[in-house]
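In what follows, chains are A, B, ... by sequence order, proteins preceding strands, each numbered from 1. For the numbers below, each heavy atom of this structure counts, side chains included, while hydrogens, waters and symmetry mates do not. This structure is a prediction, so every number in the text was calculated from the model and none was measured.
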Amino acid sequence: MQLEARSISKRYGEEQWLFRNANAALQTGEVVGLLGPSGCGKSTFCRILAGYDSSTEGEVMLDGERLPSKGYRPVQLIFQHPERAVNPRWKAGAIMNEGWQPDGSMLESLEINPEWLNRWPSELSGGELQRICIARALAPHTRFILADEMTTMLDAITQARIWKTVLELAASRQMGLMVVSHDRHLIDRICTRVIDFRSLG
Amino acid sequence: MPLLEVNQLSITFTQYDRGLRQKKVPVIQNLSLAVERGEIVAVVGASGSGKSLLAHAILGILPHNAAVSGRMAFDGQPLTPTVIRKLRGKRIAFVPQSVQSLDPLMRVGDQVRQAVRTGDPAAEQQRAFAQYGLAPQVARRYPFQLSGGMARRVLVSIATVSGAELLIADEPTPGMDPAVVQETLRAFKAFADKGTAIVFITHDLEAALTIADKVAVFHAGATLEVTQAADFEGKGERLRHPYTRALWLALPQNGFAIPDEEAGETQICSLKHEA
Amino acid sequence: MNLRKKTLGYAIVAFVLLLLPVVLSPLLGSEQLATHLTARNEAPSWSHPFGTDWLGRDMFTRSIKGLALSLGVGLTAALASGLIAGTLGLMAATLGKAADRFISWLIDLFLSVPHLVLLLLIAFVTGGGVKGVIIAVGLTHWPSLARLIRAEILQLKSSEFVLVSRHMGRSRWWIATRHLLPHLWPQFIVGTLLLFPHAILHEAAITFLGMGLSPHQPAIGIILSESMRYLSTGMWWLAFFPGLCLLILVRSFDVLATNLYALVDPNRSQE
């Protein structure tokens, strides 16, 4: 399967173009790093690729077809700040099970303590909450995961743990991964291919 | 005598349980820390480990439901609420974590100039902007017209132009690209070389090590050890606490290792999978 | 004593004060409302704590019954207003751009016409009386709450957790009931409660101006308007006690609503 950005451009209203004619393709089974300075539009590009935002020009294609607009989406985005990506009035268990029901082995591999599921988001640390968000996005029909600075706010140990699990799952399920990060060392360590965002458009 | 001394600091929050009942939640226990003039001490720990609260306690800006015990002293003087109020923004400067702490209704250049205490405010502001890679015309903008990284650099400018003796920076670097992070860290270093004491609170061990003299490793509300930055090298043989060693070895450039809790040992594993 | 207990205490006291006239009103009976020509224009005393009027009617009974009526009218009108505000706010935020533009225009229109003029017009057209007052007050008090609800929904709709929910394959209906409503209902309840004092004051105002309830009903507005003629003769109690009761009533609502709001506001809930 292939996720493809076909000459995507974006601007808000009549402002300057954030980026123009960005082309990129991501295959299932690949781990691609996306590098670029802050404020260059990487995050917006990711949101468009995942169908969270619309492009001003150009199209996103999944195996030659448009992204579905109903049902569980095969392209999932994981945000930098998990506390914003969850409803503060829901308990962690309800949050995690919103799209599907992760089984015990999934919880185990993500090192999610079942006790957390009965707590409110404000009672969990950033790393714990991010694991809940990752479990939520890892339904069997997920084909691509876009990780936008997924572990930037976490300490090194938590970061290494989370990536180990995600990479193993991605490999065993043949998912495609896009890793957006400013950390060159992280990208060098885990990615099979690196894209410089400035070279896209 | 250290400029800042924190002795046996404990912070407890009173929170509502169910309905009307209240419970006490300890967040920091017996934390001790000393910072000399001209020294950079990094406080490194996981997000949610309570390290921001240390900064808030020193500055006296904890929420009302927090109870503090222990001793804090600045330049030999105990830090009471009245003393803190007098020192804040003058002898003690703060770079907050939230970029929303800028005044939304004032041009950022004016906000920087306002913080200057000695010398020509306009010249000091221009010098700071040049140093942190902010274009001169940025001074005329309002906070909502800045990107997250730019707003952070304005906050750093405000803290540095004040000529404070102690600078407390709470996660000053997220959202900046690597070049600007390096620039900001260099500015901190130059600031310390002029005799300022700096407490640099961060979850980013790598950033901390580029400038810090000492590193206080913070975990679950307590400092596990305070160690020389130079001890972080090789396989971490000179680090005493296993958690500190694990933190060092978990960096992507140092093996990306995951500590094995049962064995108490750290295993190095290659994670790169071939597509 | 923590803040939550204190807040809850205030809310309960305010609530009891509001309930008082409703409970007292049927107990007092209508005998005291009859004309007693032997006891005209009496100053406050133990048998007539609020004094009597020029027909010998007990002002305490009239005031309590007036307050009970005002409460009933205010409650119905505020609920009607809240319902309109909720529906229109919801429609503006969910039915697309055209609906949003139309409803926003409607809100601006209602806010731009002076309140009292609109109230009087609607009360006049509907023929006055209890029904007329309820319709007039209900139709004029919704715009600011509708605007608040619309803004709240728009903000929630663009929040990351709602976007994620859609990516989890959840329907609009599901998102509305599980994500939006739990955030909205406290805002809505408190907003409606805050409409209450307005509704009561305006009910009194149009009645005072002669477009509202009929003069036979013991409404606060009528009591105040009638007493105007006698104030110059030194019968201060005719306006003073009913006016004070109205003030206490309105203030109780304010206290109740602001304290309830403090309890449901997550930013203040840990104080």
Is it the case that atom [atom1] in [X] sees more than 12 heavy atoms from other parts of the structure closer than 6.0 Å?
X	atom1	value
A/Tyr72	OH	yes
C/Tyr10	OH	no
A/Glu57	CD	yes
A/Arg84	CZ	no

- Item | Closest heavy-atom pair and its distance - A/His81, C/Glu160 | O-OE1, 4.1 Å
- Closest non-hydrogen atoms of C/Val164 and A/Phe79, given as atom of the first, atom of the second and distance, are CG2-CE1, 3.6 Å
- Report the distance from atom OG of C/Ser165 to atom CD1 of A/Ile95, rounding to the nearest 0.5 Å.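 So the gap between those two atoms works out to 11.0 Å.
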- Item | Point-to-point distance, once rounded to the nearest 0.5 Å, from CD of A/Glu98 to CH2 of C/Trp174 | 4.5 Å
- Message: As a quick check of understanding, evaluate side chain to side chain contact (heavy atoms under 4.5 Å, CB included) for C/Met168 and A/Gln76, giving each step before the final call.
- Response: CA-CA 9 Å; C/Met168 292 292 140; A/Gln76 293 285 337; 3.5 Å; yes
- Message: Checking the side chain of C/Arg170 only, and the main-chain atoms of A/Gly99 only, is there a donor and an acceptor separated by less than 3.5 Å?
- Response: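 Looks like no, no N/O pair under 3.5 Å.
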- Query: Does any N or O in the side chain of C/His167 come within less than 3.5 Å of the main-chain N or O of A/Gly71, such that one atom is a donor and the other an acceptor?
  - Reply: no
- Message: Could you tell me if the side chain of A/Asn87 sits less than 4.5 Å from the side chain of C/Arg178, heavy atoms only?
- Response: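 The answer is no, as the side chains (C-beta and beyond) never meet within the 4.5 Å cut-off.
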- Query: Do C/His183 and A/Pro88 have side-chain heavy atoms sitting under 4.5 Å apart?
  - Reply: yes
- Turns out that what part of C/Ser159 lies under 4.5 Å from chain A's heavy atoms comes down to neither
- Considering only heavy atoms, which portion of A/Trp100 lies under 4.5 Å from any heavy atom of chain C: side chain, backbone, both, or neither? neither
- Under 4.5 Å from a heavy atom of chain C, the part of A/Tyr52 involved: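 Contact with chain C is through both the backbone and side chain of A/Tyr52.
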